[in-house]
Every structure is written in structure tokens, then in C-alpha cells.
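The next block holds one structure in the form of C-alpha cells; read it before the comments.
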Amino acid sequence: MSATDTYLLLRAFCDELARCGMEHACTAPGSRCTPIVLSLVRDRRIHAWSHVDERCAGFFALGAAKRSGRPVAVTCTSGTAAANLAPAVIEARHARVPLIVLTADRPPELREVGAGQTIDQLKLYGDAVKWFFEVGVHEATPGALRFMRTLACRAYWTASYGPPGPVHLNLPLREPLVLDAPLPDDTTGRDDRRPYVMLDRAVESVPTGGRHPAGRVVIVAGANRDPMAGRELAGFAARAAMPLLADPMSGARQGSAAIAHYDLLLRDPEFAAAHRPDFVIRTGDLPTSKPLRAWLAGLDAAQIAIDPDGVWHDPDAVVGLRVGAPLRALLDGLTAGETVPVEPEWLDGWRAADDAAGEALAQVLGDDLSEPLVARSLGKWLDDATTLFVASSMPIRDVELYLPARQDGPRVLSNRGANGIDGTVSAAFGAAATGEGPVVLLVGDVALAHDIGGLLSARRLQVPLTIVVLNNDGGGIFHFLAVAGEADAFEEHVATPHGLDFAHAAALYGCRFERPGTVGELKTAVEQSIAGGGTTIIEVRTDRVENLALHRRAAEAALAALPRA
Ligand SMILES: Cc1ncc(C[n+]2csc(CCOP(=O)(O)OP(=O)(O)O)c2C)c(N)n1
Ligand SMILES: [Mg+2]
């Protein structure tokens, strides 16, 4: 057993990851992980992004995999380093993001005997990973090389499909950990650069699942991994005159059938009752909106859900049919099948209400910088080459509530698997490191403070990112909850104001800093940041109490503006 064995096996492993399609990996420093790190770095097809903090590395990998739709590897040394990947692994599982976690470990003879930096890493992430495998220590025989190649392909395909998610390989590594001679050639790979094992997926073709949507049909579109599918869905809904209640993360909030303000419309009991559909088609994840969820739960319409992985998003147990197929299969089926009969006035009613609500909102929001106006404006300004990464808490709610329907608007991404505010900055940098076009992060101050170390990617990795922070000095979302009335503990223990001046963070991490006072200045700051490259923190100061009042006024105005029968 020599370093040559270790490195030959790991080179074959990384070779297969690259052949399968891997383009990005994240590393974190340590001694034990040296052979994994060097093997990733030395494979020229894989861009290895170096991180100091494993928690940031995990979220960076998550963001990169989320935007690119391809597995990203993340490696770290043994001990608590591996434990720091847990939050990203959990989010990846819930949000269906393909990650390949490669933890370095001591070999068996050094476990449970007081060797340094050794913890039990077997099944460290529990059920949060789709697959765990203890790789073992091997000599680089032809058989072992084929095993490592197969292992890499299996990890890649398992992370990619059915549904996508994280896998964990634990790699015991014996000293010496660096090479003392050049590596010999390895001819165990397939000819013509193909992966050792390919995956052939039979695509389900049960387009309408035997049900034929008819009458008053509504489409509810939630987060969808394929931005093109969202666009196609919007086109279909417009042609079929079916109201399309589209979460921005569906990529379908566009076209003449898109209903952007469903959250507000469905708060109105009269509207909600008068617009009960006969048939509901749900796609992707269930949107966050509470009024929408409550309305769907109370319908007696037939409800079908289509998702490529057949994901089970139905907390109210009302879906009667699940179609495990890509959205395209459904659209093809509906378009090819009998023409779906629709009442022409059906979409008109939704359209008129949505437009009226939108106009009323615009009036209430006016031109004064506010949290909803920032969300709405970014939706209007950013083009379809841009990705808007949105933090949990009020930013994602504001985007769902206020982003206007728009052809060629930005792609919207968010960590909504487990709704955590952690790792948001790192995940946005990961997204910015992959793919074409700029990334803009919309984030609250607490979420930014939580992952302030993620800003290191700006300095060390030179990844450009435009960060718009809504600084209301605490968790503004909690003002919408009953706990806001618990005066003895609310401010200190729930809202958690901190008084941080993010200009200092910007200086520490080498970012530019802007504090616009008007919408016009904000627009200029965002445009300059995108055009100039680099990372800029653009801070918009707001007030939590005023924000609550503004949300209420906006909702009241929108409801008052609805056309009445
Ligand atoms: C890791 C994690 N810890 C705690 C929470 C609970 N939480 C939800 S929102 C929030 C406050 C977020 O504040 P901020 O980012 O400033 O956004 P705002 O509410 O002001 O819009 C907290 C602590 C969470 N979602 N995730
Ligand atoms: Mg806040």
C-alpha cells in the first residue's frame, strides 16, 4: 500500500466524475484529505474552488449544483470538518440538489484508538443522503481501478436522478499522503472518453395519466429545476387560456395566462369562492403562499400533480393522481390530445383581478424604497440572462408576492428545501461561479450576518456577485407572527437586532459597498455592480415596523381594487 496506490485510485475516480459531466468541485484544507484535494485539482476538466470553512464549501457546492443542474463534489478533512457539511447536505436532500460529498477519514486501524481528529463518520448524515458508502483502502490492482471507476459513476448517477440529491462517500486514507514518484499510466478507462458506466433512463410517458382536464382548469406552478420547462408551460397556459398561478421559482411567471398576485387574490373570500376550479394541475414543488395552500386544500376539484421525480408535496392530502414524468411529457400529451374545452371568461376573470391588484400595489408602493418595492423592481429590471438568488424569510415571500409577471425576466433560485437562512451567501456565490450571466442575491440582514464568512469567496475566488441586503436590523418576518406581541422577549430573543454596519464587512472582504437612498440610486448601483464585475454589497435600510404596516396597506389596496361582480 503506497501513495501511488492511493493516487492511482483517486485519479481514476476523478477521471470518471469528469467523464460523467462534472465541472465543479469544492475543496477545504486539511492533511488527511490531501490526496482527494490534489486529485480533484489535477483533473483539468474539473474546476476546483477552494474554501476555508466547510459549511461555506458545502453551500457553495449546493448553489453551483442548483444553478447548473449537475452534481458538484465537495471534499474535506476528517472530524468536525465533515460535520460542518451537514446543513448543505440536508438542504440538498430536501431541495433535490445533486451533491457528491467526499470525506477523508483515518484508516480502520486508526479509529477509536485516540488518533487525532477522528470521529465516527460512518453514515454521518443519516437519512439525509441518498446513498452512503465506505470506500475502504485498496491496492491499485486493475480490479480495484475498475471498482473506483464504477463507484464514481454510481455516485454521479445516484446524485443526478430519481430524485437528485446528496450522496456521501467516506474515504479512509493511509499515509503517506503525498506522492514520491510520478504516477504510472492507467488504461482501465473506456475508449472514446465515455464514462465507465452510462445510465439510460426510460422516461415515463403517461402524459395525462388518463385524466382529461376540462372546464375551469387552473395550473399551479411551483419551483422547477428546468427553466425552459417553465417557459413552455407559460406558453401552453396562454394558448389553452388556463390561469397559471406561477411561483417565480417555476420560471413560468410570464405570458398572458400568468397570475402573479395569487397570494393576494386568494386572501379575498369572495374572489376565492367565485374562482373555484373544476380541475387543478400542479407542477413541481408546492409554492410557499399560505392563502394558496389553504385554497387548494379546500377545493373539491380533481387535482393532479406532475413532477419528474413524483415528489410528494401534498400536506393537505387532496391530490388524487401523481404523474412521475417531466413537465414536457404532460404538455406534449395535452397538446396532442383532444382540445381541452375551456370557458373563455374563466381566464378573463383571473386576468382582470390580477391586473387590478398589480396596479393597486404599484400605487401603494410608489417610489419610496421599501422591501416589497426592491423585490418588485429587481423583477422588473433584471433580464433573463440574470439569476436572482433569493434568501429565505421575507425576501422569498416578497418575491412570491410582488414580482410582476414578465416575459424574459430573471431566473429565480432559492434554498427552499429546508427553508434555512444559513449558507445563503455561499450558495449564491456557488451559483455565480457556474453558468453564464450575472447573479444578484436578495438577502436579509440576519441571513447575511449568519453567513458573513461566505464573503470570503469574493476575495479568494474572485467570483462576481451583486448582493442586495434589505437591512431592517433583525428578523422582520417575526413581526407578522403572534410572537411579536410578547414584548418582554421579542426584540432581544426573536427579532435579534445587531446594529451591524455592513460597510465594514465589505471592506474586510474586499467588496464594494453602496447605500442607495432612492429607487433610482438602487437601479444605478445594481447596474453598475453587474457591469463592473466584482462583488458589491448594496444595502437598503428599512424599518421592521413600517414594513409590516406597508405590507398590510398594500394587501388592503390590492383587495379593494378587485373587480366586484
Ligand atoms: C438556519 C436557520 N436558523 C433560524 C431560522 C429561523 N428564521 C427564519 S427567518 C429568520 C430571520 C431572518 O432575518 P433576515 O434575514 O434579516 O430577514 P427578514 O426577516 O428581516 O426579512 C430566522 C432566524 C431559519 N430559517 N434557519
Ligand atoms: Mg432583517
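Quick caveat, the model's predicted, so the values are computed rather than measured. When a ligand or atom number is given, it counts from 1 through the structure's own listing order.
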Quick check: does Ser392 get an N/O under 3.5 Å from an N/O on ligand 1?
-> no

Looking only at non-hydrogen atoms, the one of Arg544, His479, Met394 nearest atom 21 (O) of ligand 1 is Met394

Check whether any side-chain N or O of Thr386 sits under 3.5 Å from a backbone N or O of Leu382 as a donor-acceptor pair, and report yes or no.
-> no

Atoms in ligand 1 with a heavy atom of Gly475 nearer than 4.0 Å | 11 (C), 13 (O), 19 (O), 20 (O)

Please confirm whether the backbone N or O of Leu548 pairs with a side-chain atom of His479, one donor and one acceptor, at under 3.5 Å?
-> no

Is there a donor in the side chain of Trp49 and an acceptor in the side chain of His24, or the other way round, less than 3.5 Å apart?
-> yes

Using distance alone, decide if ligand 1 has a nitrogen or oxygen within less than 3.5 Å of any nitrogen or oxygen in Ile477.
-> yes

Ala431 backbone acceptor or donor facing Thr434 side chain under 3.5 Å = yes

Check: Phe478 N/O within less than 3.5 Å of ligand 1 N/O = no

Mutual orientation of the aromatic rings belonging to Trp295 and Trp350 [parallel < 30°, tilted 30-60°, perpendicular > 60°] | perpendicular

For Cys56 and Gly453, which heavy atoms make the closest approach, and how far apart are they?
-> SG-C, 4.0 Å

Flag Asn472 as yes when one of its N or O atoms lies below 3.5 Å from any N or O atom of ligand 1, and as no otherwise.
-> yes

With heavy atoms of Ala447 as the reference, note each atom of ligand 1 found under 4.0 Å away.
-> 15 (O)

Enumerated ligand 1 atoms positioned under 4.0 Å from heavy atoms of Val446 = 12 (C), 13 (O), 14 (P), 15 (O), 16 (O)

Ion pair check, Arg225 and Asp285, cut-off under 4.0 Å | no

May I ask you to list the atoms of ligand 1 that are less than 4.0 angstrom from any heavy atom of Gly420?
-> 25 (N), 26 (N)

Which of the ligand 1 atoms, numbered from 1, are nearer than 4.0 Å to a heavy atom of Gly476 | 18 (P), 19 (O), 20 (O)

Minimal non-hydrogen separation, Leu62 against Leu99, with atom names | N-CD2, 3.8 Å

Work out whether the distance between some heavy atom of Gly474 and some atom of ligand 1 is less than 4.0 Å.
-> yes

Is the Phe502 ring parallel, tilted or perpendicular to the His498 ring (thresholds 30°, 60°)?
-> perpendicular

For atom 2 (C) of ligand 1, what's the nearest protein heavy atom and its distance?
-> Ile421 CG1, 3.6 Å

Between Ala229 and Leu327, the two heavy atoms sitting closest are O-CD2, 3.9 Å

Return yes or no for this condition: an N or O of Ser393 is under 3.5 Å from an N or O of ligand 1.
-> yes

Any donor and acceptor pair, going by atom type alone, linking the side chain of Arg96 with main-chain N or O of Gly162 inside 3.5 Å?
-> no

Test of proximity, Glu371 against ligand 1: N or O pairs below 3.5 Å = no

Looking at the Mg ion (ligand 2), is one of the N, O or S atoms of Asn472 less than 2.8 Å from it?
-> yes

Element-labelled atoms of ligand 1 that are located less than 4.0 Å from some non-hydrogen atom of Asn419 | 25 (N)

Check: Thr103/Asn170 side-chain N/O donor and acceptor closer than 3.5 Å | yes

Work out the angle at the Mg ion (ligand 2) between O of Gly474 and OD1 of Asp445, rounded to 10°.
-> 110°

Does Pro395 come within less than 4.0 angstrom of ligand 1, counting non-hydrogen atoms of the residue?
-> yes

Any atoms of ligand 1 less than 4.0 Å from a non-hydrogen atom of Asp422? List them with their elements.
-> 1 (C)

